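All remarks here apply to the structure that follows.
One-based numbering along the sequence shown. Because the structure is predicted, anything quoted here is derived from the model rather than measured.
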Amino acid sequence: MERESMEYDVVIVGAGPSGLSAAIRLKQLAAAAERELSVCVLEKGSEVGAHILSGAVLEPRTLNELIPDWKERGAPLNTPAKEDRFLFLTETKAIRLPTPPQMNNHGNYIISLGNFCRWLGTQAEELGVEIYPGFAAAEVLYDDTGRVKGVATGDMGIGKDGQHTDAYQVGMELHGKVTMFAEGCRGSLTKTLFEKFDLRDGVDPQTYGIGIKELWEVDPAQHQQGLIIHTAGWPMDTATYGGSFLYHLEDNQVAVGYVIGLDYQNPTLSPFEEFQRFKTHPAIRPFFEGGRRIAYGARALNEGGFQSVPKLSFPGGCLIGCTAGFLNVPKIKGTHTAMKSGMVAAEEVFAKFDADQSADYRPALEKTWLWDELHSVRNIRPSFQWGFWGGFVYSAIDTVILRGKAPWTLRHRHGDHEALKPKRDVVPKVYPKPDGKISFDRLSSVFISNTNHEENQPAHLKLKDPSVAIRINYDLYGSPEQYYCPAGVYEIVKDTEGANPKLQINAQNCVHCKTCDIKDPTQNINWTVPEGGGGPNYPNM
């Protein structure tokens with residue numbers, strides 16, 4: 001069947017903070033210039049915000065620039081940050097340390113980023129932006145010259161056997177004079193653009209973390225609205241980068257999460273289990289006793305920073321937001337920078353639109369506060385290659401004494417998938433059983449993520465070479481995918497005699513965190529989009 005097409009001036013892939021900010025800015029500029037500009041946004045989640053997951057504490061700097069009257073418009077920024085605490089944990093104690101300057105949240109807001117994006121979506125639609133949730137961009141389209149001309153949504157109604165079902169529906173092509181990719185961390189289409197246009201040539205490898213989050217309704221006696229707590233130390237060893245957050249929102253709700261750098265070495269380490277163990281610490285557990293867990297999710301995040309930012313433009317389009325990697329790791333914030341990149345890109349696209357030039361907004365971005373902000377903290381994350389204490393001491397020197405102006409730049413020297421040691425060279429991790437009150441198992445967690453996929457469809461997690469799953473991953477590393485996946489997607493099954501191991505992929509459990517695509521030691525797992533609307537449905541994350 002031939003695909004139908006729709007024509008727009010600008011097509012944006014992803015209704016996250018950067019994509020929606022770009023759409024809003026384009027429409028603002030068009031209105032000011034009294035000209036028509038058609039803008040559409042594709043979103044693979046069932047609704048705007050369904051796949052959005054972050055801590056989150058919002059620095060409102062970009063929001064003030066984009067929508068100065070956001071308070072009057074009812075933006076869901078309901079909890080101003082009131083107090084910061086930074087704790088170093090041992091197994092039994094919590095030692096309060098001075099809060100690092102980058103982590104000072106005065107003037108910021110604790111929010112649900114999903115709800116914030118839903119609000120941004122309404123602002124965009126009021127300006128005339130067309131938003132299509134439930135449609136996953138599955139393919140980049142090129143014209144005869146190799147220029148990007150848009151994207152195609154995935155076909156619907158293909159069965160597990162690859163045959164068309166009665167519900168088959170061919171995908172739609174969306175053509176744009178400019179296509180902006182705002183897929184978030186480790187975008188599936190962005191990966192193909194990196195390769196086709198050599199966008200990562202000459203920059204450091206991107207490095208990542210996995211963030212796992214729960215939302216709790218806690219005992220009012222344990223709730224302190226506006227309180228922000230970050231921890232380092234236990235349960236991580238000193239060679240592994242990781243830390244936690246607790247954010248006290250309104251309505252007796254607490255967002256709690258743990259982030260672990262995906263450059264860890266032990267293939268039996270489970271970020272999910274480490275997070276569950278963290279909540280049992282004597283200084284943390286009391287917050288949740290008598291409370292109720294109401295949501296769960298996980299998402300990978302970029303940690304490479306300044307030296308890992310790729311080329312941002314190519315013929316016919318550009319990368320914006322976390323798909324390019326603008327997270328400020330020491331500040332633990334990326335929403336304000338993602339939004340700013342979308343705004344600047346929109347301004348450059350609009351200014352050059354009639355000239356039909358490449359959507360290259362990097363020169364303009366380098367003149368903004370975003371570039372200065374990322375440059376000043378560029379050495380913090382890579383300093384932790386010397387271990388926790390080496391990174392901690394260096395970060396203090398870089399921040400307090402050098403003030404981010406060191407005459408050197410530390411490098412990210414390898415991809416996260418290269419960091420694992422063979423299982424014979426490590427001590428296997430052993431984790432306590434969950435108690436069902438503070439700590440939980442994976443399947444009950446996935447249940448409250450509201451994850452749903454059409455069961456009769458090809459798995460969207462694809463092995464480039466199925467034999468590698470056993471010959472290398474299992475035999476050499478002990479199948480690390482069964483540990484690093486926070487949703488129980490990957491499972492080793494054996495016959496009745498405990499022999500002949502096989503990798504079983506439970507794709508219906510996938511919460512779209514992308515960790516497997518990043519951490520697989522041979523890069524044999526390729527995460528692609530499922531049918532549009534599939535995946536988690538985060539209500540308040």
Side-chain angles (χ1 to χ4, degrees), residues 8-43 48-49 52 58-77 113 116-132 150 174 176-184 312-313 316-324 326 333-371 373:
Y8 292 91
D9 291 319
V10 181
V11 173
I12 299 173
V13 181
S18 65
L20 292 171
S21 295
I24 290 169
R25 190 67 184 131
L26 283 166
K27 282 294 194 177
Q28 288 174 337
L29 293 167
E34 297 183 343
R35 62 169 292 178
E36 290 294 322
L37 191 77
S38 57
V39 180
C40 87
V41 179
L42 278 180
E43 168 54 41
V48 173
I52 296 294
L58 176 70
E59 182 176 311
R61 183 172 188 171
T62 311
L63 181 59
N64 290 333
E65 298 175 3
L66 181 66
I67 307 175
D69 60 342
W70 56 266
K71 290 184 179 180
E72 291 75 15
R73 290 176 174 268
L77 278 64
L113 188 59
F116 179 66
C117 285
R118 292 180 180 95
W119 176 82
L120 282 177
T122 63
Q123 305 306 302
E125 288 178 323
E126 288 175 5
L127 292 170
V129 176
E130 296 180 29
I131 301 177
Y132 298 111
L174 294 103
K177 296 174 184 176
V178 176
T179 305
M180 306 175 79
F181 291 83
E183 295 184 283
L312 299 174
S313 63
C318 60
L319 308 177
I320 59 176
C322 286
T323 210
F326 294 115
K333 292 176 183 62
T335 303
H336 68 299
T337 49
M339 292 175 66
K340 183 64 174 179
S341 72
M343 281 185 64
V344 175
E347 290 162 0
E348 289 301 296
V349 165
F350 187 82
K352 299 174 181 177
F353 199 80
D354 293 327
D356 194 30
Q357 298 179 25
S358 173
D360 185 7
Y361 71 101
R362 182 168 182 143
L365 195 69
E366 290 179 356
K367 297 176 183 177
T368 68
W369 54 260
L370 181 154
W371 207 253
E373 180 176 314

Verdict with supporting geometry, Trp70 and Leu77, side chain to side chain contact (heavy atoms under 4.5 Å, CB included): CA-CA 9 Å; Trp70 56 266; Leu77 278 64; 3.7 Å; yes

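- For Arg362, the side chain to side chain contact (heavy atoms under 4.5 Å, CB included) partners at least two apart in sequence or on another chain are Val309, Leu312, Asp360, Glu366, Trp371.
- In this structure the side chain of Arg25 never reaches within 4.5 angstrom of the side chain of Glu65, judged on heavy atoms.
- In the displayed structure, Glu72 atom CD is contacted under 6.0 Å by more than 12 heavy atoms of other residues, nucleotides or ligands.
- With a 4.5 Å cut-off on side-chain heavy atoms, Glu43 and Tyr132 do not count as touching.
- Checked by atom type and distance alone, the side chain of Arg35 never pairs as donor or acceptor with a backbone atom of Ala30 at under 3.5 Å.
- Under the 4.5 Å side-chain criterion, counting only non-hydrogen atoms from C-beta, Val10 is not in contact with Lys177.
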Could you walk me through whether Val11 and Val41 pass the side chain to side chain contact (heavy atoms under 4.5 Å, CB included) test, one step at a time? CA-CA 6 Å; Val11 173; Val41 179; over 6 Å; no

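- Contact record, Ser21 with Leu66: OG-CD2, 3.7 Å, taken as the closest heavy-atom pair.
- The main-chain N or O of Asp9 is found under 3.5 Å from a side-chain atom of Ser38 such that the two form a donor-acceptor pair.
- With a 4.5 Å cut-off on side-chain heavy atoms, Leu120 and Ile67 count as touching.
- Residues Leu174 and Cys40 come closest through the heavy atom pair CD2-SG, 3.6 Å.
- Here the closest non-hydrogen pair linking Phe326 and Gly321 is CD1-O, 3.3 Å.
- For the residue pair Thr179 and Gly150, the shortest heavy atom distance occurs at OG1-CA, 3.4 Å.
- A distance of 4.5 Å separates CG in Leu113 from OG1 in Thr335, rounded to the nearest 0.5 Å.
- Phe353 is listed as a side-chain neighbour of Leu37, based on a closest heavy-atom distance under 4.5 Å.
- Closest approach of Ala124 to Ile131, counting heavy atoms only: CB-CD1, 4.3 Å.
- From Ile52, atom CD1 reaches atom SG of Cys117 across 4.0 Å, with rounding to the nearest 0.5 Å.
- The line from CD1 of Ile24 to CD of Glu126 is 9.5 Å long, rounded to the nearest 0.5 Å.
- Remark: Cys318 SG to Glu348 CD distance equals 10.0 Å, nearest 0.5 Å.
- Summarising the geometry of Ser341 relative to Leu370, their closest heavy-atom pair is N-CD1, 4.1 Å, with the distance given to 0.1 Å.
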Walk me through it: do Thr62 and Trp369 pass the test side chain to side chain contact (heavy atoms under 4.5 Å, CB included)? CA-CA 10 Å; Thr62 311; Trp369 54 260; 3.4 Å; yes

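- Taken to the nearest 0.5 Å, the CE atom of Met180 stands 12.0 Å off from the OG1 atom of Thr323.
- The CZ atom of Phe116 sits 5.0 Å away from atom CG of Leu58, with the distance rounded to the nearest 0.5 Å.
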side-chain hydrogen bond (donor to acceptor under 3.5 Å, both in side chains) between Tyr361 and Glu347, worked out: CA-CA 8 Å; Tyr361 71 101; Glu347 290 162 0; over 6 Å; no

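- Looking at heavy atoms from C-beta onward, Arg73 lies in side-chain contact with Asp69 at the 4.5 angstrom threshold.
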